[in-house]
Amino acid sequence: MIDPKLLRSDIDYVAERLKVKNFDLNVAEISSLEEKRKALQIKTEALQSERNTASKSIGQAKSRGEDIQALLESVSHLGDQLDEAKASLKVVQESLNDLLMYLPNIPDDAVPLGASEDENVELRTWGDIPEFEFKVKDHVELAAIGNKLDFELAVKIAGSRFTTLRGDLATLHRALIQFMLEVHLKEHGYEEIYVPSIVNKESLMGTGNLPKFEEDLFKLTDERELYLIPTAEVPVTNIMRDEIASDAEMPIKLVCHTPCFRSEAGSYGKDTKGMIRQHQFDKVELVQFVRPNESEAAHEDLTSHAEKILQKLGLPYRVVILCGGDLGFASAKTYDLEVWLPGQNKYREISSCSNFRDFQARRMQARWRNPETGKPELLHTVNGSGLAAGRTLVAIIENYQQVDGSIRIPQVLQGYMGGNSSLSFS
RNA sequence: GGAGAGGUGGCCGAGUGGCCGAAGGCGCUCCCCUGCUAAGGGAGUAUGGGUUGAAAGCCCAUCGAGGGUUCGAAUCCCUCCCUCUCCGCCA
C-alpha cells in the first residue's frame with residue numbers, strides 16, 4: 001500500500017510516478033474522497049468525544065446519588081447523530097481503502113520506461129551460450145522418450161498444464177531443490193522455514209495478490225475462503241504480519257521450498273508445450289525482512305544468491321531490470337534472471353527478485369523497532385526465487401543434452417544422484 | 001465428530017456496567033544507593049488513527065473478530081474464529 005499520508009500531501013507526485021507503471025491515478029476521485037473523509041472523521045470523533053464526556057458525568061452524578069434524568073435527556077440526541085456520522089464515515093473510509101488496495105507500488109527511479117517485457121533492460125550476462133554439433137532438442141523431445149516426463153499421464157490424473165516426472169528425472173528434480181536449499185543455508189546465511197501451502201485472504205492481501213489478482217489463484221470452495229499459494233512468498237512474508245521485530249533480529253533471511261499453484265488464466269496458447277508454464281511447480285524462495293535503509297543492498301545481495309545457483313549449475317543466464325510496464329504490482333524494482341534455453345534458442349525467466357520497500361509491510365503492519373527512535377517502523381521486504389525448480393530442470397536437460405540424447409549431470413548435483421554423472425532417457 | 005474450559009499489555013495475571021488503556025507481578029530502560037556482584041529505592045515502559053508544516057499537546061479507537069443491548073461495555077446478549085483438556089476417528 002502506498003503511504004496514505006504521501007497521497008494526501010503530494011498526490012501529483014504519486015500520479016506522476018505511477019505513470020511509469022502505466023497506471024492512471026484518479027486524482028480527482030481520491031482527493032474528493034479524502035476531503036470527505038477528513039470532514040467526517042473530525043465530526044465523528046468530536047461527537048464521540050462529546051458523548052464520552054457526557055456519559056462520564058452521568059456516571060459520576062449517579063455515584064453521588066443525584067438525579068440523572070436531566071443528563072440522560074441531554075445526551076439522547078447524540079446517539080442518532082453519532083450513528084449517522086459513523087455510518088457515512090465508514091462508507092467513505094471503505095471506498096478510500098478499496099481504492100488504496102488497488103494502487104500499485106511506486107517504482108524506483110532506476111526503473112526504465114517501457115510498455116512490455118520487450119523493453120526490459122539487460123544488465124549483465126553470465127556464461128557462454130553452448131554450441132551443439134548436432135540438432136538441439138527441447139526438453140519435451142528429450143525426456144518424453146522414456147516417459148520420464150509424461151504430460152498425458154498428468155492430463156489423465158489432473159488436466160492440462162500439469163506434469164509427471166519419473167525415475168531419475170524425478171530424483172534430479174528433488175536433487176535440485178535439495179541443492180538450492182543447502183547453498184542458501186550454508187553459504188548465504190538463510191534460515192529454512194516450512195509453511196502452509198494453503199493461505200487465507202488476509203495473507204494474500206498482505207503480499208498484494210489480493211484483491212486485484214484473484215483470477216491468478218486457485219481458490220478452494222471451502223466456506224473459509226482459502227487459496228492455494230501461488231508462491232512461498234505469500235505464507236513466508238506473512239509470518240511478520242502484525243509483528244514488531246527487535247533490531248537485534250534484523251535482518252531476517254528465510255529460505256523456503258514449496259509447491260506453487262497458478263491458474264494461468266489468460267495465458268491460453270502461451271507455452272502450451274512442455275513444463276515451462278504449469279499450474280503446479282516447485283520453487284525455492286528467498287525472503288528477507290530488512291531495515292528500510294538496507295533494502296537496496298539486500299535486493300542486490302539476494303539477486304546474487306539466486307545467480308549463484310545458476311553459476312554453480314553452469315547454466316548461462318542474463319539479468320534484466322524490468323521496465324515500468326512489466327513491473328509487478330507490489331514491486332518497486334525487480335530483476336529477472338533469465339536462463340538460456342537451447343530448445344527455444346532464447347533466455348527465459350527462471351527467477352524474479354524484487355524490492356517491495358514498505359509496500360507489503362504497510363499492508364501487513366510488519367514492523368521493526370528502530371533503536372534510534374524507540375518506535376515501531378515499517379520494515380522492508382525483499383524476495384526472489386532461488387530458483388524455480390521446474391524451469392531449472394528444463395534448463396539442465398536442454399543445456400546438458402548430449403548427441404545420444406542423454407543428459408550430463410552437473411558436478412554439484414552428482415552427490416545427490418548416487419554419484420551418477422549422466423542420465424539417460426532411453 | 002461428541003463433552004467441557006478458556007482467549008486481557010512483551011510475558012504472567014486481576015478485573016461481572018461508569019472513577020479501567022486497564023490493579024499487581026515479571027521482564028525491559030533510565031536514575032539513586034552500594035569496593036564489585038547480589039539485594040534495595042525511585043521513575044518510565046502498548047498499538048493504530050485524526051488534528052498540525054513539524055514536534056508537543058489534545059482527541060478517537062483498540063481487552064480474539066464482528067454484530068447487539070445501554071447515556072455508558074474488558075464486563076451483559078448473539079454469531080464466528082482460535083487455543084486447551086477428555087473421548088472418538090485418522091496421515
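Throughout, a chain's letter reflects where its sequence line sits, starting with A, and its residues are numbered from 1.
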Whether [X] side chain and [Y] backbone form a donor-acceptor pair below 3.5 Å:
X      : Y      : value
A:T207 : A:S203 : yes
A:E119 : A:A115 : yes
A:N355 : A:A332 : no

Q | Heavy-atom closest contact (A:E233 atom, A:Q360 atom, distance) | A |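 Heavy-atom minimum between the residues: OE2-NE2, 2.8 Å.
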Which part of the nucleic acid does [X] contact within heavy-atom distance under 4.0 Å: base, sugar-phosphate only, or nothing?
X      : answer
A:E73  : nothing
A:R369 : sugar-phosphate
A:R51  : sugar-phosphate
A:K62  : base
A:K5   : sugar-phosphate
A:R367 : sugar-phosphate

Q) Within 45° of the six-membered ring axis of A:Y102 and under 6.0 Å from that ring's centre, is NZ or CZ of A:K212 located there? A) no
Given the [atom1] atoms of [N] and [M], what is the spacing between them in whole Å?
N     : M     : atom1 : answer
B:C28 : B:G21 : P     : 29 Å
B:A56 : B:G41 : P     : 33 Å
B:A73 : B:G18 : C1'   : 10 Å
B:A74 : B:A61 : C1'   : 14 Å
B:G25 : B:G13 : P     : 16 Å

Q | Close aromatic pair by centroid cut-off 6.0 Å: A:H380 and A:F359 | A | no
Q. Can you pull the contact range of chain A along RNA chain B, 5' to 3', using atoms under 4.0 angstrom from its heavy atoms?
A.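 Terminal contacting nucleotides, 5' to 3': B:G18 to B:G72.
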Q: From the options A:T258, A:T231, A:T392, select the one residue that forms a side-chain hydrogen bond (donor to acceptor under 3.5 Å, both in side chains) with A:K283.
A: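 Result for side-chain hydrogen bond (donor to acceptor under 3.5 Å, both in side chains) with A:K283: A:T231.
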